[in-house]
Protein chains: 2
Amino acid sequence: MRQHGQVQHERTTSERTPPRGAYHHGDLRNALSAAAAELAREGGPEAVVLREAARRVGVSPTAAYRHFANHADLLKAVKHEALADLADALAAAVAKADADADDADAADADADQHRSPGAADGGGGQQRTRAQARARARLSAIGHGYVDFALSAPGLFRTAFCHSGTADGTPTEPEPFDLGTERAYRVLVDVLDSMLAAGLIAPARRPGAEITAWAMVHGLTTLLLDGPIRDLPEADRRRMVDDATATLAAGLAASTGPGSGSGAGA
Amino acid sequence: MRQHGQVQHERTTSERTPPRGAYHHGDLRNALSAAAAELAREGGPEAVVLREAARRVGVSPTAAYRHFANHADLLKAVKHEALADLADALAAAVAKADADADDADAADADADQHRSPGAADGGGGQQRTRAQARARARLSAIGHGYVDFALSAPGLFRTAFCHSGTADGTPTEPEPFDLGTERAYRVLVDVLDSMLAAGLIAPARRPGAEITAWAMVHGLTTLLLDGPIRDLPEADRRRMVDDATATLAAGLAASTGPGSGSGAGA
DNA sequence: CTAGGATGTTCACGCCGTAAACATCTATCG
DNA sequence: CGATAGATGTTTACGGCGTGAACATCCTAG
């Protein structure tokens, strides 16, 4: 879980923001959304219950209405937090893949030096292979990171993607999903860009690849979490993720332009 | 919506209809689940409210407890119904694609006959192309059918895939998703089999292809319905579906075995 | 120092899921 | 054929939820 929200309001009496006089909480909004996020982590979106969050914070139920318009508003805050957590997890997974690749390259270079110090050409050809391996590893990392996050914090993941629209006529408020503002999305864009640069994506397929890739990984996660293949042994699950990202990578690499592979239907 | 549930139980007094016959209401269980399904269609899983369903059927709230263990049980029935509706839509979409292909083939044959009655070899080569075009069209059809169903009945779709597990400790009852019993799944298997037969899927990628394909289409649907690209103009949406199924088809066709395309991560 | 806004509390209402006790209907058995 | 037991539906009641209204308290600007 992200650290903020637990700020706990410093006890240094001389501070400017010290109203710990019990009546005024000091940071109720954050405290409430943190409590609500914890509820979401424990039980998913349905467990995000305003009164319980207030109870945990030690405040009366209606106090929440000074900081959130209503229950949906509180839930929206939790969704933001959950999405941010996901973005953190993805970024960390990709960073780790990069670090691992660095290590591997360093080891290779070391071995090279010891074995054939003056070998010609060996470097150039490897350069490209290395960039490709790196890019592939990043795709795999983001896929596994996505799935791992969802399975390690299912309630939070479900909350991040739960439907907000209050079906009874409310005008479908804009979800907290500003494609482009969203960090998770940018991590993905970055990974796809590196794949394109490494020649692993056919340029014609680059546009729209974010959606295709996201769809594949998100759908797989959904199926693994709540769908027909939930409760799969870890080994099988990892293989499914590998299969799916491999098929995805192969599809993105294929040079046949989009639209020629299907679309023959009326 | 599927027709059953509205069966309205015949009034012929002489009927045997022993198990779920007409006692008081006649067919309360079906009436309730139909009303609940209508609620789901109108407002998604959260709108499935036991008391409202009872109200619509004209019965007291607690009457439902003679036919459903609790609210979750009622919701499960609705999920089954929603899944069945989805299966119907997919089967219909694939059937339509096949019918269209038949028409096209017939037209081609007609044209051929008029143009070059005795052309040698033309048939053999076309045979394979036709099978491939057919299989591709089927994949496209199932993808569009899936998305179209979700967008035309969003509440029902969300209900079909909503999480049931009552987070507060209940032992994760088995969802109504008996992969293999589920008709929607078998429609997909059928489509993938025809693609394999037409040589559109590398045999090494056939295992697990159901999940990969389902994941792609389901994920895309989720993103289009509640995700970052909801409210997309129809034309763009159709293009996204075409892109995604094209990339999927290309990925399944690629001969590089699964696992070589990624999986370089730790 | 004081007035007013921000923050939190108490009380109240209607809706929900659901348990318990009671009423009614229907099929079956003596 | 009439009694009886079980299936079906109703009434009543309880606690929990989201939320509005009126009231209390605190903090800060004038």
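None of these values were measured; they are calculated from a predicted model. Residue numbering restarts at 1 for every chain, and letters A, B, ... go by the order of the sequence lines.
Looking at His218(B), its side chain never comes within 3.5 Å of a backbone N or O of Tyr146(B) through a donor-acceptor pair.
The closest side-chain donor-acceptor pair between Tyr185(A) and Trp214(A), if any, does not fall under 3.5 angstrom.
Of the charged side-chain nitrogens involved, none lies within less than 4.0 Å of a carboxylate oxygen, so that Arg239(B) and Asp242(B) do not count as a salt-bridged pair. Checked for salt-bridge contact, Arg186(B) and Asp193(B) miss the test: no charged N lies under 4.0 Å from a carboxylate O.
Position along DNA chain D of the nearest nucleotide to Tyr65(A) versus Pro61(B) favours Pro61(B) as the more 5'-ward residue.
Comparing dG17(C), dA21(C), dG8(C) against the side chain of Ser60(A) picks out dG8(C) as the nearest. For Ala63(B), the side-chain atoms get nearest to dT10(D) when compared with the rest of dG18(D), dT10(D), dT9(C).
For the pair Arg55(B) and dC16(C), the criterion of a side-chain N or O lying under 4.0 Å from OP1 or OP2 is met. Contact between the side-chain N/O atoms of His67(A) and the OP1/OP2 oxygens of dA6(C) is not found at any separation under 4.0 Å.
For the pair Glu52(A) CD and dG15(D) P, the computed distance is 18 Å after rounding to whole Å. Spacing between atom CZ of Arg51(B) and atom C1' of dT12(D) amounts to 11 Å, rounded to whole angstrom units. What separates CG of Asp27(B) from C1' of dT8(D) is a distance of 13 Å, to the nearest Å. dG17(C) atom C1' lies 16 Å from atom CZ of Arg66(B), rounded to whole Å. In this entry the distance linking CD of Glu46(A) with P of dG18(D) reads 13 Å, nearest Å. Spacing between atom NE2 of His25(A) and atom P of dG8(C) amounts to 8 Å, rounded to whole angstrom units. Atom NZ in Lys76(A) sits about 17 Å away from atom P in dG18(D), given to the nearest Å. The nearest whole Å value for the distance from the CG atom in Asn30(A) to the C1' atom in dT7(C) is 15 Å.
Side chain Thr62(A) to base dT10(C): a donor-acceptor pair is found below 3.5 Å.
Here Arg29(A) lies out of heavy-atom contact (under 4.0 Å) with every strand.
Shown are Val147(B), Val217(B), Asp190(B), Val191(B); of these, the side chain to side chain contact (heavy atoms under 4.5 Å, CB included) with Ile142(B) is made only by Val191(B).
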